[in-house]
Each structure stands twice: as structure tokens, then as C-alpha cells.
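Quick notes on the structure that follows.
Fair warning: this is a prediction, and the values are worked out from it, not measured in the lab. As a basis for the values below, the full set of heavy atoms in this structure was taken, side chains included, without hydrogen atoms, waters or symmetry mates. Chain identifiers are assigned alphabetically (A, B, ...) following the order of the sequence lines, protein sequences preceding nucleic acid strands; residue numbering begins at 1 within each chain.
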Number of protein chains: 2
Amino acid sequence: MSAMPAKRKTLTSMDEIARLARVAKSTVSRAFQDSPLLNPATKARILAIARRHGYTVNANAQKLRTNRTNTIAVVMHLPHTSESAAAPFFFQLLNDVAQGLWVRHHDLLLCSPEADDAYYYESMISSKRADGIIFLGQGPGDKWLRDLARTRVPFVVWGAADDRASYCTVGSDNRKGGILTGQRFAQLGRRRVLFVGNRAHPEMEHRRRGLEAAMKAAGNAAEIVDVEIPDFTFETGYSAMTAYLARKRARPDAVFAGSDSVAMGVVMALREANLQVPGDVSVIGYNDLPSARYFLLPLTTIRQDTHQAGGLLVEKLFQMLDGAKPTSARVPTELVIRQT
Amino acid sequence: MSAMPAKRKTLTSMDEIARLARVAKSTVSRAFQDSPLLNPATKARILAIARRHGYTVNANAQKLRTNRTNTIAVVMHLPHTSESAAAPFFFQLLNDVAQGLWVRHHDLLLCSPEADDAYYYESMISSKRADGIIFLGQGPGDKWLRDLARTRVPFVVWGAADDRASYCTVGSDNRKGGILTGQRFAQLGRRRVLFVGNRAHPEMEHRRRGLEAAMKAAGNAAEIVDVEIPDFTFETGYSAMTAYLARKRARPDAVFAGSDSVAMGVVMALREANLQVPGDVSVIGYNDLPSARYFLLPLTTIRQDTHQAGGLLVEKLFQMLDGAKPTSARVPTELVIRQT
DNA sequence: GTGAAAGCGCTAACAA
DNA sequence: TTGTTAGCGCTTTCAC
């Protein structure tokens, strides 16, 4: 059934409903706010009339008046070309954040990062498009986030904790992820490990440091070489690894990749170069994507709990909107050993 | 740099800016609208002052006044549990739609389908939260979409074209996808094919009919059996196939799956039952996900151009907002033969 | 329990 | 080229 009869011209303002119900506009307003002051009978009558006429409260007038939007902006890097597979991990996180937002009856405004400049995000808030912002990922360098922290913009970030705790983050324990990887490599007797990532991203830098610490602690004088990549797709992993193998004589015996997608690309490149995985080279990814499990060679990887993460991001942001100053949080990190 | 100096209290209304610039409020308004009427010098002066004071136009007042939101709602089924892998295909589509929307300077409100009831969507529009709606997927049955088409709500749908053309869709040529699959199976001499999908979804029904037509045309008296599944995840494909094999004596020699994820689940189930893919059983998926290519067994599948689709969805919706009545469109469909 | 009145910040018609 | 004015539809005092 079409819920709103087409015949009746649908009414668009409280005044009109008020007139029909023979009450004041303010009474209609109270009915829609479910005010306890209001006589239940009056309320029911008003709501019935409104429904019959396809009336809904104008959200913009409401937002203007109350100075509250009930909207949260979620900023996520969307790949500009569709060639590069959209980062599945962030979509998973987006999904979990969205759940948390529905539950709290807030709208989700999906945004792409504009210039990495605090100004853009300040104006999102000052123009009253959203009450707060959730950033899915820090990107390389977080200076602009520190800048943003100096303003009145309420926001939380998925990513590595800021050393100076200038803003609130939720992230996996990246250092631990690095340590688990290092321990695994050490245990397998690996000595020439490649870190295929990007240390400009705070998260990656933490992983890298954990990796180094663990390998050092194990004491078998391993060497870590960095292969810098600009993004974390399969294609990038594949071509970075291929290029590396073409250029260098020394073969790595282990690779720690910045994401599962990268890890899969690395495995493909390795196989094409006739290196056995995991015989000659061990490979460990990050995120435990669903597809990591069903890859050609089920991928060994670091898992983080995105569902919990999504909930935490939302929760922290709401605490902030309530005037609190929430602390950063970590979600646990775990090594999933499969066949690489 | 923090773009807005913290010292100065940031101004929040045009009146205040007008006073500082010694002009009328309407002149400030014109400056922000980039009105050609305005003296460029005046405009520059106003904008400079505004910027200096961290002023931005209040979007809600603007929306209220102009009765335009510059926002499009995108409705997408987000899995309520994180167990089931979020449908990667729709995220890809979301990404492409988002691109199209940025380009046109529109905001994207991400929504989850509430009750499959036209009322909910009518109120999204009548409450002026969005100017139009893009539905990513029809779901099982599209009666409510036909209902919605009888209202004044501007919307377009990713999915199968409605027989009665009551609303505008963009979708892949599902029938052709079915035909390509049928031809391939026929050419391989397959006779007992399983359709693992859900005919309540119009898209699936079209594929299924194409499959049947092609197999009939090939003339080798094949039989098609339906395995109904409620969603299109790996897990569902896996368990549906496992259950089927446990129940039935007759082995299929071909499977046409509702999505690549389902196809991968099917392949796993088949292997566990000691059936060779593609030796004993051919499997064809749908969507050509990035991960389909790097699956355990690179997946044979039907590819559709989501990038083009995203652009078309946005374009059609804008035509509709301009008062036109755009026709439904199809994006091409192609068989990608790999190893299943 | 309900009504009257003021005003949120903006745009656009009209006037100058 | 700029200013004046009248609302857009709502919430929220304050009165009764």
C-alpha cells in the first residue's frame, strides 16, 4: 500500500496540521516530540491527522531551530579510480560504524577526504551539516589532525594513538601486530624480512617498530628492509614486489605486508618469480579480510575486531558530544596462522 | 595551520559579517552565492572578512529557505551481523555512486533499508532530508518500489528493469548474463545444472530465465534445479551446497551462483565432497569481484561495469530532479572464463 | 494541558 | 550595484 493517499494534497507545515486539529502549532510540535506534558488523546488525534495527510516534520527547520543535526560525518578514502579495488577493510569498518549510528538514530553523511586541511572539516561542523566526524584512517602524516584537535570540532579517528594524545583514536594494537609477526618470523628462522608498507602512516610505523623489537629480542640478527608503497591494494603489492625482485639480488625470506590485499599481491609476485610460499618466503598480511581465507594460498595474517571498533568509535564520539573527554582505545590483535 | 584563529570568537551569522563589512545581509548572501550582480571588490572584501572569522553559511537555514537539500540518500543493505561478509559488490557500487555525487557537489546520506514500505522513503523526502534516493538493490520483490513510484519521490534503482517500467532502473543485462552462462554450460556438455540464487529477486529471475532459454536453445535436454538462498554470502553458498549434496543422490555437473561470494562457497563445498572443479562440476559466479580472480581456483564469472553503473544512477536521478522522466538503462555484461 | 509570540539564519522579490 | 523586507517551518520560553 502506498502509505500516503495521493488525492489529498500532502501538508507541509505544522500550522496546517494545527488548524485541522484545532490546536496551536506548539501543541503539534509537542505531539511530535512525544512530550509528556501533552494529553495523550490530543497527541493521538494530532498524529492521526498528520499521518493521514502525509505530513512529516521538516528536518531542516528543526535543525535550524535546535542547532543540532543528529548527523555524523564519516570520512573515508574512496579510491578515485575503480581500477584499484576499493579497500575492503574500510568498508567493513564503515558497516560497523553505520550499525552503531542507526542504533542511536543518527544519520550518516559519507564524505571523501578533501584537502588534508583542518579548515574543510571545521566548516562541516560550523555550517551545521554534522555534529561530529569519524575519520576512517589517518592517512600519511597526522599533522592536520593535530591541528583539528585544537579547534572545537568533535571527532574521533580510526588509527594509531597519537603520541601526544592530542586527539581520540580507536585502533588495533599495531605494535602488538608487529611483535606477533616478528615472533613468528623469528620462530621460523627468518632473517631477511621485507616490510612492504608506508612508515608515514602512524599505524604502519608502529607495526614496523613492533616487528623490529620482536626480531631483535629473538636475537638472530635479522635485517629489515623497507619497501615503500603509496596505497594498499593488490596491484600495488604485486608491482612493488615484482619491481623489488627484479632490482635486488638478495632474496627476502619473509614479508610483512601493510594489508591483506598487498600480501596477496606479494604472494602472486613471489610465485611468478619461482619462489615458494611458505617454503622460501613467509608472508604475513594485516586485517584478516574474508577473502584472505579463500585466497589461492590461505593467508597468514593479523586479525583485528572491526565490529568492536565500529562500536567504540561511535561511543567515543558521543561521549565527546556530551562534553566528556574520552580516552583512546585499542582493540585486540591476534595472529591467524594459515598457509603463508 | 589551523585555518580559523582560535582567539577571535567565530561568527555564526550573516548579520555579523554584514556589520563588519558595512553592507547589508543580502549582500553577504550574494557574495557566498557568487552572484554576478555583485561588485567583485565587495565580494572579495566580504569573503576575506568571513574567512578571517571562521564564518560559514549555515546549511540548515539555507536548506530551509531554498527548500533544497543538495543531498541524495543512498539506500544499501548493510549486513546486521558482521559474521556475514559485507557484500563487496555493493560497496564497489557505493563507491562509484559516491564519485558521481561529489562531482555534482551533493552530499551522500547513507541509509539502511527500513521496513520495505514506501512510507519510510516518502518521509525521507517530505521531511527534506534528501532531494532524491538511490537504491542499491531491489531485494526480494519490488512491490513496494512500484508503490513508491506512484508518489512524488524521485528515485532510481540498481537492479532489474521493471516489466511495467513503473520506475527507473539501471542494471546489468541479467538475461544476457544467464544466456552467456547457459551457452557456456551447453558447450561444455553440462546437463544437470543447479541455480543457487533466489528467484524472488527480479534480477535473479531474469538470469534464471536467460539460463533456461540458452540451455533449451542448445538442445541437449538439460535439467535446471533451484536451490533457494536468503542472501548471497560465502557462508550461505557453502552451507546451501553442502546441505544439497548431503540430501540428494543426483550430482549436479554445473552450478550458476547468485554472486561470486556464493560461487566461492559452492566451490569449497564441492571440493570437500570430493567433486572436482571444473572436472566434475563447472561453476560460474556473478559480479567479477576482485577477489574472484585470486580465489583458490580463479573463478569463472559474469562481469558488469559498476563504474559506468554508478555514473548512470546518479545521472538518471538528476534528470529526474530536473523534471525529466529518464528511461531505464543497462550496462553490458560479459563472461570471464577462468578456471571453474 | 494548551496557546501566543519571538526568533533560529538564510534567500529573494522588490525597491532604490 | 546594494539595501529593505518578508517569510521558510520549527521550538521554546512565558502566560494562562
Side-chain angles (χ1 to χ4, degrees), chain A residues 9-47 49-50 53-71 107 123-131, chain B residues 9-47 49-50 53-71 107 123-131:
Chain A
K9 178 179 165 304
T10 98
L11 304 185
T12 69
S13 98
M14 275 191 179
D15 279 316
E16 309 177 87
I17 301 297
R19 202 167 310 129
L20 284 175
R22 302 179 174 291
V23 293
K25 192 167 49 161
S26 47
T27 304
V28 178
S29 175
R30 289 186 189 107
F32 275 98
Q33 288 171 81
D34 210 5
S35 161
L37 292 162
L38 205 57
N39 181 329
T42 318
K43 170 156 67 186
R45 190 161 51 86
I46 292 171
L47 259 23
I49 291 176
H53 289 268
Y55 169 79
T56 348
V57 177
N58 181 315
N60 300 313
Q62 203 167 42
K63 290 175 188 175
L64 173 59
R65 182 57 232 237
T66 60
N67 209 21
R68 251 275 196 170
T69 67
N70 287 314
T71 300
D107 287 336
S123 61
M124 291 214 52
I125 302 300
S126 63
S127 71
K128 299 298 196 297
R129 269 167 227 285
D131 297 329
Chain B
K9 177 179 166 302
T10 96
L11 303 185
T12 69
S13 98
M14 274 190 179
D15 279 316
E16 308 177 87
I17 300 297
R19 201 167 311 129
L20 285 176
R22 303 179 174 291
V23 294
K25 193 167 51 160
S26 51
T27 304
V28 178
S29 175
R30 290 189 189 102
F32 276 97
Q33 287 171 80
D34 211 6
S35 160
L37 292 163
L38 203 57
N39 181 329
T42 319
K43 171 156 67 185
R45 189 160 52 86
I46 293 172
L47 258 23
I49 293 176
H53 290 269
Y55 169 78
T56 348
V57 177
N58 182 315
N60 300 312
Q62 203 168 42
K63 290 174 189 176
L64 173 58
R65 183 56 231 233
T66 60
N67 210 19
R68 251 279 198 166
T69 67
N70 286 314
T71 301
D107 287 335
S123 60
M124 293 215 51
I125 302 300
S126 63
S127 71
K128 298 299 195 292
R129 270 167 226 285
D131 296 331

Using whole Å, report how far [atom1] of [X] lies from [atom2] of [N].
X     : N      : atom1 : atom2 : result
A/N58 : C/dC10 : CG    : C1'   : 13 Å
B/H53 : C/dG9  : NE2   : P     : 17 Å
A/R22 : C/dG3  : CZ    : P     : 12 Å
B/F32 : C/dT11 : CZ    : P     : 10 Å
A/I46 : C/dT2  : CD1   : P     : 8 Å
B/E16 : C/dG9  : CD    : C1'   : 10 Å
A/L64 : C/dG7  : CG    : C1'   : 9 Å
B/D15 : C/dC8  : CG    : C1'   : 11 Å

A/N60 side chain to B/N60 main-chain N or O, any donor-acceptor pair under 3.5 Å?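 Such a contact is absent between A/N60 side chain and B/N60 backbone.
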Does the A/T69 side chain pair with the main chain of A/D131, one donor and one acceptor, at a distance under 3.5 Å?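 Side chain of A/T69 to backbone of A/D131, a donor-acceptor pair under 3.5 Å: yes, one is there.
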Considering residues at least two apart in sequence or located in another chain, which fulfil the salt bridge (Lys or Arg N to Asp or Glu O under 4.0 Å) criterion with [X]?
X      : result
A/R129 : B/D107
B/K25  : none
B/R19  : none

Contact under 4.0 Å: [X] side-chain N or O vs [N] OP1/OP2:
X     : N      : result
B/Q33 : C/dC10 : no
B/Q62 : C/dT11 : yes
B/T66 : C/dT11 : no

Run the side-chain contact (heavy atoms from CB on, under 4.5 Å) check on A/T12 and A/N58 step by step: do they pass? CA-CA 8 Å; A/T12 69; A/N58 181 315; over 6 Å; no
Criterion side chain to side chain donor-acceptor pair (under 3.5 Å) on B/T66 and B/Q62, from CA distance to verdict: CA-CA 6 Å; B/T66 60; B/Q62 203 168 42; over 6 Å; no
Positional range of nucleotides in DNA chain D within the contact set of chain B, heavy-atom, under 4.0 Å: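 Endpoints of the contacted stretch of DNA chain D: D/dT1 to D/dG9.
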In Å, rounded to the nearest 0.5 Å, how long is the span from OG1 of A/T27 to CE of A/M14? 10.5 Å
Any side-chain heavy atom of A/R45 sitting closer than 4.5 Å to one from A/V23? yes
Going by heavy atoms in the side chains, are B/K43 and B/D34 under 4.5 Å from each other? yes
Identify, between B/A61 and B/T27, the residue whose nearest nucleotide on DNA chain D lies closer to the 5' end.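 First, find each residue's nearest nucleotide; the 5'-ward one identifies B/T27.
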Of B/V23 and B/N67, the one whose closest DNA chain D nucleotide lies more 5': B/V23
Return the angle between end axes of the helix from C/dG1-D/dC16 to C/dA16-D/dT1, with five pairs used per end and rounding to 10°.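 End axes: 30° apart.
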Mind listing the N/O atom pairs, protein and nucleotides 4-6 of chain C, below 3.5 Å?
unit_1, atom_1, unit_2, atom_2, d
C/dA4, N6, A/S26, OG, 3.4

Over all atoms of both residues, closest heavy-atom pair of B/I46 and B/A21: CG1-CB, 4.1 Å
Smallest separation among heavy atoms of A/A50 and A/F32, with atom names: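 So the two residues come closest at CB-CZ, 3.6 Å.
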